Protein chains: 2
Amino acid sequence: MNCPFCRYEDSRVIDSRPSDEGSSIRRRRECTQCGSRFSTSETAVLSIIKRSGATEPFSREKVINGVRKACQNRPVDDDDLALLAMRVEEALRSTGQAEIEAQEVGMAILPPLRELDEVAYLRYASVYRNFSSLEDFEGEIALLRALPIEKTELESKSQVASPQLK
Amino acid sequence: MNCPFCRYEDSRVIDSRPSDEGSSIRRRRECTQCGSRFSTSETAVLSIIKRSGATEPFSREKVINGVRKACQNRPVDDDDLALLAMRVEEALRSTGQAEIEAQEVGMAILPPLRELDEVAYLRYASVYRNFSSLEDFEGEIALLRALPIEKTELESKSQVASPQLK
DNA sequence: ACTCTTACCCCTAGATATTGGGGTTAAATT
DNA sequence: AATTTAACCCCAATATCTAGGGGTAAGAGT
């Protein structure tokens, strides 16, 4: 592992701890050459399987781009989007799957988006779930009214998987 | 390391290779329990925590964009900015922190920017430190006159952390 | 003012990873 | 169509890491 300071190619591990409940390993390393120290994190690769069958690494950027359109003229800034994407990533990782269908990503976006902005949520859901009539909107609105904001689907699974996740 | 499939907490490394020219390590692991395999990647962490709580990887580009505005009409070219961003990254990495507040990035920019161009420095500081009056400028100017250019704060810490840094 | 949490620090023996070699396959590039 | 790249696969020796213990300090939350 390259030293971030002097670029020397060798470093040794000083300390090593599981983190995020074992979903990653955090190491403290020391450069063999210059003696400086730095931290690293080892995490499972998270690949998305597209409908075509092709896989690509999960990208927060792609999540953000997908959601941004639904947020036009809404009080949602880039930080909100970044935070949302982070939550989506956490939810997906917490399923434990190494590879995830693109559709699951769409599903994972819904709960945090609802918390962020219900208007954006409706727009997004209307596209993602193929609303075809006014009634579809009404139905979704009724659902939103009926269910208080709380964990659903993927997110509740993630609660099981990582109870302490806040 | 958790198995992404069955959640079992233990896995062993099957194969391990440096990648990205040594800036990361890719491992192939096998779950001790269910025998499934997955890949992981270990990389040096340098995350920036924004005020919103969102984190994103450190980006030299963002540093450059932030500083470029302050350098309008100043004799500062893209190479200078690239060098500055490199120094900022070094300064931040040399703190040994894995995660750094966005504000710290702003702080880390100040010393090398002063060395580069004091006018740009003043402009940048006036924004970054919220100058609200002419007196604020005068105060800063007085400080600049009083203190010769030399290591301050973060930069001096980095000297301690990585003595051999050339 | 305290508690919780997180990152940092240090130590050691036994368990595990690394890195050299040797390969295959699929996708991207020439 | 040939090449390159990146994952994937296998083996085996010993050098390295891990996980247990024990700490400190800073920051956030109560």
Side-chain angles (χ1 to χ4, degrees), chain A residues 1-5 8-33 35-59 83 86 90 98-99 162-166, chain B residues 1-5 8-33 35-55 58 92-104 107 153-154 157-158 160-162:
Chain A
M1 188 69 144
N2 277 351
C3 169
F5 306 106
Y8 188 65
E9 65 208 354
D10 213 21
S11 61
R12 26 174 281 229
V13 173
I14 296 292
D15 202 6
S16 166
R17 304 288 154 181
S19 69
D20 295 331
E21 289 168 7
S23 75
S24 65
I25 299 173
R26 170 170 281 268
R27 297 191 179 84
R28 191 82 184 140
R29 308 187 87 115
E30 184 175 86
C31 175
T32 326
Q33 183 110 128
S36 57
R37 292 177 168 199
F38 56 100
S39 298
T40 62
S41 174
E42 177 177 358
T43 43
V45 172
L46 181 60
S47 308
I48 304 308
I49 308 166
K50 301 163 117 175
R51 284 211 233 106
S52 65
T55 69
E56 62 178 21
F58 172 80
S59 151
L83 195 55
M86 197 170 75
E90 280 171 355
E99 301 198 314
S162 53
Q164 272 81 307
L165 200 69
K166 301 227 171 55
Chain B
M1 187 70 145
N2 277 350
C3 170
F5 303 103
Y8 188 66
E9 65 208 355
D10 213 18
S11 62
R12 27 181 281 258
V13 173
I14 297 294
D15 203 5
S16 165
R17 304 287 155 182
S19 68
D20 294 329
E21 292 166 4
S23 73
S24 66
I25 300 173
R26 168 168 280 270
R27 297 191 180 82
R28 192 80 185 142
R29 309 187 88 114
E30 184 174 87
C31 176
T32 326
Q33 183 110 126
S36 58
R37 291 178 169 197
F38 56 100
S39 297
T40 63
S41 176
E42 176 178 359
T43 37
V45 268
L46 183 57
S47 309
I48 306 307
I49 308 166
K50 301 165 121 181
R51 289 219 227 101
S52 65
T55 67
F58 172 80
L92 293 176
R93 287 197 183 276
S94 74
T95 65
Q97 307 291 122
E99 301 197 314
I100 296 193
E101 305 269 348
Q103 190 168 294
E104 293 282 308
M107 298 269 278
E153 307 221 15
L154 254 171
K157 278 191 227 161
S158 91
V160 174
S162 53

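Here the structure is a predicted model, which means the values were calculated and not measured. Below, chains carry the letters A, B, ... as their sequence lines are ordered, and counting in each starts from 1.
- Between R28(A) and dC9(C) there is a side-chain polar atom (N or O) within less than 4.0 angstrom of OP1 or OP2.
- Considering only side-chain N and O atoms, S39(A) lies under 4.0 angstrom from the phosphate OP1 or OP2 of dC8(C).
- Heavy atoms only, all atoms of each residue included: F38(A) and N2(A) are closest at CZ-O, 3.7 Å.
- A pairwise comparison of heavy atoms in A44(A) and M1(B) identifies N-CE, 3.7 Å as the closest pair.
- Closest heavy-atom contact between V45(B) and S41(A): CG1-CB, 3.8 Å.
- For M1(B) and dC17(D), the CE to P distance is 16 Å, given to the nearest whole Å.
- Within the 4.5 Å cutoff, the side chain of S36(A) has heavy atoms near those of the C31(A) side chain.
- To the nearest 0.5 angstrom, E42(B) atom CD is 11.0 Å from R26(A) atom CZ.
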Let me have a per-nucleotide readout for nucleotides 11-26 of chain C, 5' to 3', with B, S or -, counting only protein heavy atoms under 4.0 Å.
------SSBBB-----
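- Listed pair R37(A) / dC10(C) meets the phosphate criterion, a side-chain N or O lying under 4.0 Å from OP1 or OP2.
- Using a 4.0 Å heavy-atom cutoff across all strands shown, S19(B) reaches no nucleic acid atom at all.
- The minimum heavy-atom distance between V13(B) and R27(B), with the atom names listed, is CG2-CD, 3.7 Å.
- Computed from coordinates, the F38(B) CZ to dA7(D) P distance equals 17 Å when rounded to whole Å.
- The rotation axes computed at either terminus of the helix from dA1(C)-dT30(D) to dT30(C)-dA1(D) lie 90° apart, taking five pairs at each end and rounding to 10 degrees.
- Straight-line distance from the CZ atom of R26(B) to the C1' atom of dC8(D): 10 Å, rounded to whole Å.
- Minimum interatomic distance between I25(B) and R29(A) (heavy atoms only, all atoms of both residues): CD1-NH1, 4.2 Å.
- Residues S24(B) and T43(B) approach most closely at CB-CG2, 3.2 Å, considering heavy atoms.
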